[in-house]
Amino acid sequence: MKSYYITTPIYYVNDVPHIGHAYTSLACDVLARFKRLDNFNVFFLTGTDEHGQKVETAAKAKKMMPQDFVNIVSKNFQSLSDKLNLSNDSFIRTTEKRHLSSCQKLWNKLYNSGDIYLGKYSGWYSVRDEAFFQENELIEGKAPTGAEVEWVEEPSYFFRLSKWQKKLLQLYEENESFILPVSRKNEVVSFVKGGLKDLSISRTSFNWGVPVPNDNDHIMYVWLDALTNYITAAGFSTNETEFKKLWPADIHVVGKDILRFHAVYWPAFLMASDLKLPKKIFAHGWWTNEGEKISKSLGNVIEPIELINKFGLDQIRYFLIREVPFGNDGDFSEKNLIQRINSDLSNNLGNLFQRVISFSIKNCDGKIPDSFNKFKNEDLKIINCFQDELSKIRNLIDNQKLDDVLKLLWIKISSSNKYIDEQEPWTLKNNDLNRMNVVIYCLIESLRQIGILIQPFMPDTGAKILDSLFIKNDCRKFSNLSDRISSNIVLNKPEQLFPRIND
Ligand code: MSP
């Protein structure tokens with residue numbers, strides 16, 4: 001079995017989870033589930049980023065000790081993972097012991113290779129971004145992200161980032177898909193071409209972080225600590241055999257705002273410590289809310305849990321993935337959400353399921369009818385279409401074109417609806433029962449295949465469809481697409497998959 005290691009960013013625990021967190025995690029969940037169904041040995045990691053000044057400040061504001069504070073907020077993120085039905089195999093917290101030892105092991109490697117030296121940092125720091133900025137990077141006295149900056153002057157260890165400029169450019173050039181989408185890759189390349197300065201990687205003015213080995217005055221810069229999570233979870237400091245098996249990651253999925261950390265700093269740290277590089281960094285875009293930037297001060301933060309309670313989990317999973325090409329920015333609008341639920345889900349897939357199962361219950365003795373393999377060309381098109389498309393779908397998934405997979409599946413769902421209208425089983429009922437049975441058999445077979453293929457995107461809906469057809473749990477993989485559903489199974493009255501929403 002081939003392995004597939006996929007990660008989400010680890011989320012800062014300074015605040016409650018919002019739609020941005022849910023989005024990254026959902027996209028990774030779709031990829032992880034897809035690969036599992038395609039017979040890969042998947043390791044899907046998510047977690048929380050619990051150190052740094054931002055988290056320490058948030059804890060202080062609540063008059064709590066940082067450790068007590070992060071214990072509570074990290075739980076909120078774990079509950080969100082459950083609520084989103086994420087299939088993650090591990091949840092890492094950067095305050096865990098295994099992570100501390102992993103960070104220190106990486107630090108020692110960097111130190112021993114001569115890539116770390118002691119100096120003094122003086123410059124700007126944005127706590128919200130947890131990032132250092134040069135004077136010439138500021139825009140009207142603020143970070144390029146609009147965040148406030150403060151002047152910092154303190155002793156600091158530096159990582160010789162400048163030394164890795166050429167190697168990084170070579171990496172981007174030789175590895176076309178190391179950074180995707182291409183537009184984002186170009187931004188990174190021009191940033192690196194512009195020249196890299198050595199990076200401050202320790203802080204002394206507060207102490208909520210991983211201690212620097214052999215120097216108790218310093219804690220590690222939170223991004224060095226955070227990025228290391230990806231190797232910690234793979235067993236870097238705890239299980240060498242496991243680490244050899246799992247690392248490197250196949251893909252780190254991140255938002256566009258944190259691409260630089262993943263595509264510049266992270267590979268440089270890894271090269272300097274002689275570790276393998278992740279195979280791909282994919283940066284997705286940002287959501288706005290009804291055209292406006294999402295921010296706490298504007299009071300327009302979208303709470304994923306509220307949204308799921310109101311519209312249903314699979315509805316939200318479908319909408320977020322279908323609405324915006326993965327990699328682009330997108331706008332959240334309730335009107336568009338309702339429109340997609342009513343047309344794509346309720347009218348199209350929901351209706352297909354409802355009409356086919358109800359028709360067989362009423363007209364085929366309540367059972368899946370027998371086709372006696374008397375298929376015409378138009379029938380074969382319906383029952384073979386998904387098998388034929390699988391390699392195309394795999395290719396889309398490997399290029400993270402998640403919305404395109406849904407578009408393709410929905411074209412097929414529409415063709416099944418069109419097939420019913422053209423074949424008119426209600427007319428065949430009166431003049432050709434055998435033909436009616438073939439048509440209904442094909443439609444049920446197509447529902448089985450749809451059920452299998454939508455599992456990564458809408459796991460509950462996939463399960464409902466497959467349960468209703470009594471498909472065994474171990475027959476729900478992509479390799480089962482070429483099976484054929486057995487006849488004579490007694491069907492139950494179908495439940496409504498997607499109730500219509502009145503807007
Ligand atoms: N802790 C760091 C990541 C460390 S990874 C080694 C961090 N955390 S975060 O909680 O601030 O952000 C996590 C993710 O949420 C990022 O990928 C970010 O792009 C994403 N989003 C935050 N707001 C978003 C939107 N409005 N829309 C889409 N995603 C957004 O950064």
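Counting convention: from 1, in listed order, for ligands and their atoms alike.
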Enumerate the atoms of ligand 1 whose separation from the nearest heavy atom of [X] is less than 4.0 angstrom.
X	value
A226	6 (C)
G285	28 (C)
H284	28 (C), 29 (N)
D49	1 (N), 2 (C), 4 (C)

Notebook entry, point to check: Is it true that the side chains of H252 and T7 contain a donor and an acceptor less than 3.5 Å apart?
Noted result: yes

For [X], is at least one N or O under 3.5 Å away from an N or O on ligand 1?
X	result
H21	yes
G255	yes
H262	no
W287	yes
I10	yes
W286	yes
D257	yes

Nearest protein heavy-atom contact for [atom]: which residue, which atom, what distance?
atom	answer
atom 7 (C) of ligand 1	Y12 CE1, 3.3 Å
atom 31 (O) of ligand 1	I258 CG2, 3.5 Å
atom 30 (C) of ligand 1	G20 CA, 3.5 Å

Notebook entry, point to check: Quick one: do D314 and K464 make a salt bridge, cutoff under 4.0 Å?
Noted result: no

Notebook entry, point to check: Does K279 come within less than 4.0 Å of D250, counting only side-chain N to carboxylate O?
Noted result: yes

State which residue, out of [options], fulfils the ring pair (Phe, Tyr, Trp, His ring centres under 6.0 Å) condition with [X].
X	options	value
F261	W266, W223, Y230, F191	W223
F132	F159, W151, Y125	Y125
Y157	Y221, W107, Y117	W107

Check: Would the F319 and F332 ring centres measure less than 6.0 Å apart?
Finding: yes

Item checked: Closest non-hydrogen atom pair, R33 against Q455 -> CD-O, 4.0 Å

Next item on the list: May I ask which of Y11, F261, Y230, F332 has a heavy atom nearer to atom 5 (S) of ligand 1 than the others do?
Entry: Y230

Next item on the list: Show your working on side-chain contact (heavy atoms from CB on, under 4.5 Å) between L409 and I450 and close with a plain yes or no.
Entry: CA-CA 8 Å; L409 292 181; I450 293 166; over 6 Å; no

Item checked: Neighbour count above 12 (heavy atom, 6.0 Å) for K407 NZ -> yes

Notebook entry, point to check: Does H18 approach ligand 1 within less than 4.0 angstrom via side chain, backbone, both or neither, non-hydrogen atoms only?
Noted result: side chain

Next item on the list: Give a yes/no verdict on a cation-pi contact between K35 and Y4, requiring under 6.0 Å between NZ or CZ and the six-membered ring centre and an angle within 45° of the axis.
Entry: yes

Notebook entry, point to check: Can you find a non-hydrogen atom of E130 under 4.0 Å from ligand 1?
Noted result: no

